[in-house]
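Reading through the structure tokens given below for one structure.
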There are 2 protein chains.
Amino acid sequence: MQNNISIDEMDARILTAMSVDSRRSYADIGHEVGLSTAAVHERVRKLIERGVIRRFSLSVDPLALGLGFTAFVMIRNDGGVHCREVAPRLREMPEVQELHSVAGEYDFLAKIRTSHARALEDVLYAIKAIPGVARTTSTVVLNTEFEDRPLRLPSAKSSENS
Amino acid sequence: MQNNISIDEMDARILTAMSVDSRRSYADIGHEVGLSTAAVHERVRKLIERGVIRRFSLSVDPLALGLGFTAFVMIRNDGGVHCREVAPRLREMPEVQELHSVAGEYDFLAKIRTSHARALEDVLYAIKAIPGVARTTSTVVLNTEFEDRPLRLPSAKSSENS
DNA sequence: GGTGAAAGAGTTGGCTT
DNA sequence: AAGCCAACTCTTTCACC
């Protein structure tokens with residue numbers, strides 16, 4: 001299938017540059033990748049239009065936001081009629097930063113951030129109160145080694161070709 | 001504790017606005033939060049300086065990057081002398097997008113993205129080849145419900161002191 | 001995809017509270 | 001210390017090649 005979200009090497013180099021600093025000027029990026037300002041602008045416009053770029057965002061220190069505690073919570077649904085309603089309910093909770101449907105003994109894996117361990121307890125009670133949730137298992141994060149890394153694409157590195 | 005990364009309500013509102021679109025103009029943000037362009041600029045400058053804002057980045061569709069397969073991999077170390085070297089080795093792997101030191105039966109939880117299931121096998125072999133790694137357990141993602149959400153801060157409207 | 005010019009945004013210094 | 005205004009510079013954006 002030839003889909004509409006494939007990108008070429010030039011797109012990859014632009015995305016890599018912008019993942020390090022999305023506010024770099026198009027002139028600056030163009031100089032690095034070998035295009036004019038307007039050409040970079042046009043490619044970025046198309047990347048947004050095609051949905052390759054979803055959002056220009058921000059990496060913030062969670063501690064500064066009072067979110068110094070992280071846990072991964074596995075969630076198991078029961079076999080009832082409410083299974084389809086679990087994900088929308090989890091989406092409403094601001095503490096649930098990430099939610100994946102997974103294979104295995106559990107149905108969902110959620111990444112949850114709170115101010116401290118005690119606050120996770122409240123979130124777990126709220127999750128267990130959702131119709132369709134059978135049980136949860138939590139894995140507490142002691143230290144986040146890294147996350148929110150800039151892109152590292154194989155085709156984006158060599159800028160010195162002749 | 002009064003540390004150097006605490007933010008006030010105005011900072012929270014600016015960060016929330018920028019997490020939705022980090023390229024919004026300072027004039028636009030200022031209009032929303034009730035500050036002048038220059039005042040927003042100065043606050044953002046200080047947020048960067050204090051390390052609250054770590055980076056202006058980009059949310060990209062992983063499928064467009066050829067990273068359509070996601071798994072969470074738990075990693076258990078053996079008791080040997082190599083434990084401290086495991087995290088740096090995992091950091092070198094571009095497929096490992098996130099790494100957390102965790103409590104429980106395993107030592108690390110890694111979020112890994114590859115093009116397809118077969119490619120995960122190669123990454124798992126590479127991880128198991130790191131000195132100090134005893135075993136791994138993988139959880140395959142079937143569908144990512146959400147991730148990379150804009151900030152949702154409880155304090156973005158009401159102020160609170162400790 | 002490039003060029004150039006108008007419109008818009010970022011940046012800085014001086015002043016006010 | 002924090003904010004506003006205004007001037008200045010740089011960037012984005014768009015018509016045209």
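Just so we're on the same page: letters track the sequence lines, and every chain starts at 1. Excluded from the calculations below are hydrogen atoms, water molecules and symmetry mates; all remaining heavy atoms, backbone and side chain alike, are included.
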**Item:** Option passing side-chain hydrogen bond (donor to acceptor under 3.5 Å, both in side chains) with A:His100 (candidates B:Thr144, B:Thr70, B:Thr139, B:Asn143)
**Value:**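 The side-chain hydrogen bond (donor to acceptor under 3.5 Å, both in side chains) with A:His100 is passed solely by B:Thr144 among B:Thr144, B:Thr70, B:Thr139, B:Asn143.
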Starting at [atom1] of [X] and ending at [atom2] of [N], how long is that distance when rounded to a whole Å?
X	N	atom1	atom2	result
B:Phe56	C:dG10	CZ	P	10 Å
B:Ile29	C:dT11	CD1	C1'	15 Å
A:Tyr26	C:dG1	OH	P	15 Å
B:Ile14	C:dG10	CD1	P	13 Å
A:Arg24	D:dT12	CZ	C1'	16 Å
B:Arg50	D:dA1	CZ	C1'	13 Å
B:Met18	C:dG10	CE	P	8 Å
A:Arg45	D:dT13	CZ	C1'	11 Å

**Message:** With a 6.0 Å cut-off (strictly less than), is the heavy-atom count around NE2 of B:His31, excluding the residue itself, greater than 12?
**Reply:** no
**Prompt:** Is a side-chain N or O of B:Arg89 found less than 3.5 angstrom from the main chain of B:Ala129, in a donor-acceptor match?
**Reply:**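 No.
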**Message:** Under a 3.5 Å distance rule, please check whether A:Arg13 uses its side chain to pair with a backbone N or O of A:Gly34 as donor and acceptor.
**Reply:**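 No; zero donor-acceptor contacts below 3.5 Å.
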**Message:** Base, sugar-phosphate or nothing for A:Arg23? Non-hydrogen atoms, less than 4.0 Å.
**Reply:** nothing
**Asked** Counting just side-chain N and O atoms, does B:Lys46 come under 4.0 Å of either OP1 or OP2 of D:dA2?
**Response** yes
**Asked** Do any of residues 34-42 of chain B sit with a heavy atom less than 4.0 Å from DNA chain C, and if so which?
**Response** B:Thr37, B:Ala38, B:His41
**Prompt:** Under 4.5 Å between side-chain heavy atoms, hopping through other hydrophobics if needed: is there a path connecting A:Leu67 to A:Leu63?
**Reply:**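 Yes, A:Leu67 and A:Leu63 fall within the same hydrophobic cluster.
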**Message:** Check this for me, if you would: do B:Glu49 and B:Arg45 make a salt bridge, where the nitrogen-to-carboxylate-oxygen distance has to be below 4.0 angstrom?
**Reply:**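 A salt bridge links B:Glu49 with B:Arg45.
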